[in-house]
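Residue numbers begin at 1 in each chain, while the letters A, B, ... track the order of the sequences.
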2 protein chains.
Amino acid sequence: MSRTPQDVTDAELAVLQVLWELRTATVRELTERLYPEGTSALNATVQKLLERLEAKKCVKRNRKTWPHQFSAAVAREVLIARQLQTTANKLCQGEIHPLLTTLVKARGLSAKDRQSLRGLLDELDREKK
Amino acid sequence: MSRTPQDVTDAELAVLQVLWELRTATVRELTERLYPEGTSALNATVQKLLERLEAKKCVKRNRKTWPHQFSAAVAREVLIARQLQTTANKLCQGEIHPLLTTLVKARGLSAKDRQSLRGLLDELDREKK
DNA sequence: TGAGTTTCAGACATGGCGTCTGTAGATTGT
DNA sequence: ACAATCTACAGACGCCATGTCTGAAACTCA
């Protein structure tokens, strides 16, 4: 039973969160945001995280500028979808329907939420007939 | 950014999957199921996994019998819900609604799925008014 | 050219997690 | 009761994912 590495780790995700907010940023900007009290050694840490994110195609790097400008290459929604699929694979043999029923049954679904969900479903009905 | 341990690891989940299927089992039965070709050393491995699962309150152990009988102490649905909440916390500040819309928009939702979902929503409407 | 950045390759450290060893205790057959 | 066999359990090992750091080369601007 070999361990499966995460597609995006916690520290990497923290970097992405800032990029989603700022649209684009330099290493320095990211470091200051992520480690307000940190030493300058953390620049290299953030750099490494960006390097790994780039390898995973989650971040784009503009090498034309100096310093380089970084931006997210995947939307938050994509990561959500990926994570949900992973959960489905592990716990439901890849089926997503059980996830839906679990979510719907969970507390915290307001009447408005239910209404908007119905809207989405209607849309799908019209699309696919 | 310290690493956060998983609540149930992959090897532990494999044990749980068998327990969900068999309802109850001994270490030996689990080992034969999980590692059909394995050596006897793996008995201890499974034992350790069970020990950790017990500590996490995911497994119950009956010490009255010999050998001990093990059974799952959490339903698959509970793990699903927990995992979904974790995802929501990491990617949506704890909101579950974004997960729902992502799932609904994803491929693989049949007309029947949509119908059963509506049924669930209706039920909730009646409950909470 | 020199000062102050930034980039980048590589190394290091911590700890999670799957696995294994060794020993004590329980059970069964004779 | 004794040997043979199984199980339980404590502890340790080792791999590797992941967050962090070091040092040197590359770049920019004055």
Could you tell me how far apart [X] ([atom1]) and [N] ([atom2]) are, to the nearest whole angstrom?
X: B:L50; N: D:dC9; atom1: CG; atom2: P; value: 11 Å
X: A:L49; N: D:dC21; atom1: CG; atom2: P; value: 11 Å
X: A:E51; N: D:dG19; atom1: CD; atom2: P; value: 14 Å
X: A:N43; N: C:dT5; atom1: CG; atom2: C1'; value: 10 Å
X: B:M1; N: D:dC21; atom1: CE; atom2: P; value: 13 Å
X: B:F70; N: D:dC9; atom1: CZ; atom2: P; value: 7 Å
X: B:W66; N: D:dT5; atom1: CH2; atom2: P; value: 17 Å
X: A:Q6; N: D:dC16; atom1: CD; atom2: C1'; value: 14 Å

Margin query: Evaluate B:T86 against B:Q83 for side chain to side chain contact (heavy atoms under 4.5 Å, CB included), listing each step before the verdict.
Written below: CA-CA 5 Å; B:T86 301; B:Q83 185 55 51; 4.3 Å; yes
Next item on the list: Looking at every strand, decide which applies to A:A11 at a 4.0 Å heavy-atom threshold: base, sugar-phosphate, or nothing.
Entry: sugar-phosphate
Check: A:R28 near the nucleic acid: base, sugar-phosphate alone, or nothing, with a heavy-atom cut-off under 4.0 Å?
Finding: sugar-phosphate
Next item on the list: Would you check, one step at a time, whether the test side chain to side chain contact (heavy atoms under 4.5 Å, CB included) holds for A:N62 with A:H68?
Entry: CA-CA 6 Å; A:N62 183 355; A:H68 294 176; over 6 Å; no
Item checked: Distance below 4.0 Å between A:H68 side-chain N/O and C:dT7 OP1 or OP2 -> yes
Next item on the list: Grab the two heavy atoms, one from A:E12 and one from A:D7, that are nearest each other, plus how far apart they are.
Entry: OE1-O, 4.0 Å
Check: Can you name the one residue among B:T9, B:L50, B:T45, B:T31 that meets side-chain contact (heavy atoms from CB on, under 4.5 Å) with B:V15?
Finding: B:L50
Considering only [options], which nucleotide approaches the side chain of [X] most closely?
X: B:L42; options: C:dC20, C:dG16, D:dT7; value: C:dC20
X: A:A41; options: D:dC21, C:dA9, D:dT18; value: D:dC21
X: B:T9; options: C:dC17, C:dT19, D:dG19; value: C:dC17
X: B:T45; options: D:dA8, C:dC20, C:dT14; value: C:dC20
X: A:R52; options: D:dT18, C:dT6, C:dG18; value: D:dT18
X: A:K48; options: D:dC21, C:dT7, C:dT27; value: D:dC21
X: B:P67; options: C:dC17, D:dT20, D:dA8; value: D:dA8

Checklist line | Toward the 5' end of DNA chain C, by each residue's nearest nucleotide, A:R61 or A:S2 | finding: A:R61
Margin query: Using heavy-atom distances to pick each residue's nearest nucleotide on DNA chain D, tell me which of A:R3 and A:Y35 is more 5'.
Written below: A:R3
Check: Under the 3.5 angstrom rule, does the side chain of B:T24 hit a backbone N or O of B:F70 as a donor-acceptor pair?
Finding: yes
